Amino acid sequence: MPDARPTDVGIEALFVDLPRQFLDLGTLARANGVDPEKYYFGLGGRRMAVPAPDEDPVVLASNAARGVLAAGGVAPTRVGLVVVGTESAVDGSKPIAAWVHRAADLPSDCRVFDVQHACYGGTAALGIALDWIASRARPGRKALVIATDVARYEIGSPGEPTQGGGAVALLVGDEPRVVRFEDHPEAVHAEEVADFWRPTYRSTAVVDGSYSLECYLRALDGCWGRFRRDTGRRFSEFEHLLFHAPFPKMAFKAHRRLFEAAARAGELPSGAEPGADFERRVLPTLWANAEVGNAYTASLYLSLAGLLENDAVDAAGARLGLFAYGSGSCAEFLAARVGDDAAAWRGRTGLRQALRERRELSHAEYLQFRAHGEELSRNGTLRVPTRSTGPAFCGTWEHRRVYRDEALAVPGSSSQPLGRDGRSAR
Ligand code: CAA
């Protein structure tokens, strides 16, 4: 097999930041006049993260970036590349990476940009970072990859119970203690399809639901077929399979697709049964997705954090297969291996703390948050702050997005939002 990446590269640390509120899917179902079992069992979710008006993708990304540097014990000056994968851009020109660069106090000799391809953007960003590290463009420097998104559909639409949001920051380098990516020819699939998209004039996505499932599974077939053909590897070789999870049941459908293909090819060990196989290899990666809902680019890496934070699983040294899908569409299958000290990451990814700090919303509060968030993005001022520490979105001022951030504010004005010069707005 060709040696695509000669250097040992992968994830050295990861960190999750989540909205500090959630709505139980049962509450949503009752408000929508739907049987709660449809959301709990039909879609496989339990709760969905609901961002407060001051929690936009910039805020989530900035917190995750700071968290990953602290968790990895890496000084900001060692970062030479920041790539944000997102499909919830807050500006048509300025990348989220620019705000993250300031919030994480990164050096000026740093490449900083966003990439977009629906939910695939995080994996596209990771690919750029892995190749940048392997190329030794800046020996000794690390790359920071952040997948950050807020998933919003129309109130009352079929997509509504699959909303969510969050950010996962990955520190990428040549000491891949968390996950090392294996050398193999790229297993990608692309085709132009109208399955899910968000016109620039809308804050909510438009989706052709059943067609989007079809496109996802077709892209999975394409990626898996190429991976299988070019590497000779088998479905049963992976200890865990992580699938992009717009809702957990989608991962169930994806696993079933690969299981059945492997069965047809006579590649399964005798006695293999799809339900038990799913429960052993996929379910342990999905519990956080069931709590958070869809976090678009971040969903696959939320599954990774969930696996590392799963007390019932010893993931040390486990071979992973990861499937990323972005509507529109582009998809990729990646093979990786978990580091030997995986257990050391339990309690250190930020995931459990972020879940513990969440507050349950009533359906009325959820609707209020949505309305206030829309108003704030148009040209408003924050009325109800929810985040007491770290960055928070405060509204727009002369067409600029204003963020409060005590680490950046001038001394003595720690509660003031950032403004024109990025230091104080009022
Ligand atoms: N009890 C238990 N189960 C029930 C039930 C009940 N009372 N009522 C329905 N169900 C089951 C159905 O049988 C179905 O299960 P199966 O898929 O296993 O058959 C499941 O609940 C969903 O029911 P429907 O298909 O009728 O649901 P729906 O039409 O309301 O929409 C959806 C489902 C299309 C996924 C919708 O939520 C949606 O549009 N979501 C957003 C799009 C999406 O996530 N697409 C995924 C692929 S694209 C992608 O991955 C990119 C991305 O992140 C968006």
Side-chain angles (χ1 to χ4, degrees), residues 23 25-26 28-46 48-49 57 85-88 116-124 147-166 168 189-199 202 204-223 242-257 259-260 274-275 278 282 286 289-290 292-303 322-333:
L23 186 68
L25 292 188
L28 181 66
R30 282 182 283 277
N32 287 350
V34 171
D35 178 0
E37 297 308 307
K38 173 172 177 181
Y39 295 171
Y40 290 143
F41 289 100
L43 298 175
R46 278 189 70 202
M48 64 186 201
T86 188
E87 61 176 287
S88 333
Q116 179 193 322
H117 192 140
C119 307
Y120 176 65
T123 301
T148 183
D149 271 306
V150 168
R152 254 187 221 116
Y153 297 89
E154 287 294 299
I155 305 280
S157 71
E160 189 184 23
T162 69
Q163 295 179 125
V168 181
H189 176 94
E191 64 179 302
E192 193 279 321
V193 285
D195 62 333
F196 164 103
W197 66 101
R198 184 170 65 85
R202 285 177 65 116
T204 53
V206 188
V207 64
D208 184 342
S210 56
Y211 182 54
S212 72
L213 271 61
E214 211 181 286
C215 294
Y216 178 116
L217 294 174
R218 200 162 60 232
L220 175 63
D221 292 342
C223 292
L242 292 79
F243 298 99
H244 167 57
F247 51 94
K249 183 78 164 288
M250 190 72 229
F252 175 85
K253 290 175 190 286
H255 167 268
R256 185 59 66 100
R257 184 83 155 204
F259 187 96
E260 287 171 356
F278 173 80
V282 184
L286 285 174
N289 303 82
V292 172
N294 199 352
Y296 293 157
T297 54
S299 285
L300 184 60
Y301 303 97
L302 191 60
S303 300
L322 299 98
F323 175 69
Y325 175 74
S327 292
S329 70
C330 189
E332 183 165 1
F333 186 89

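What you see is a predicted model; the values in this text were computed from it and never measured. Numbering of ligands and ligand atoms starts at 1, following listing order.
Closest of all the heavy-atom pairs between P248 and N289 is CG-C, 4.4 Å. Contact record, G166 with A295: N-CB, 3.9 Å, taken as the closest heavy-atom pair.
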Between the protein and ligand 1, which nitrogen or oxygen pairs come in under 3.5 Å, and how far apart is each?
| unit_1 | atom_1 | unit_2 | atom_2 | d |
| --- | --- | --- | --- | --- |
| ligand 1 | 7 (N) | D35 | OD2 | 2.9 |
| ligand 1 | 15 (O) | K249 | NZ | 3.4 |
| ligand 1 | 17 (O) | K253 | NZ | 2.6 |
| ligand 1 | 18 (O) | K249 | NZ | 2.8 |
| ligand 1 | 18 (O) | K253 | NZ | 3.4 |
| ligand 1 | 27 (O) | K38 | NZ | 3.3 |
| ligand 1 | 30 (O) | K38 | NZ | 2.7 |
| ligand 1 | 37 (O) | P158 | O | 2.9 |
| ligand 1 | 45 (N) | S212 | OG | 2.8 |
| ligand 1 | 50 (O) | H244 | NE2 | 3.4 |
| ligand 1 | 53 (O) | H244 | NE2 | 2.8 |
| ligand 1 | 53 (O) | N294 | ND2 | 2.9 |

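Residues that satisfy the side-chain contact (heavy atoms from CB on, under 4.5 Å) test with T123, not counting sequence neighbours, are Y120, L300, Y301, A324, E332, L334.
Between the side chains of T162 and N294, no donor N or O sits under 3.5 Å from an acceptor N or O.
You'll find the ring centres of Y325 and F196 outside the 6.0 Å limit.
In the displayed structure, Y211 atom OH is contacted under 6.0 Å by more than 12 heavy atoms of other residues, nucleotides or ligands.
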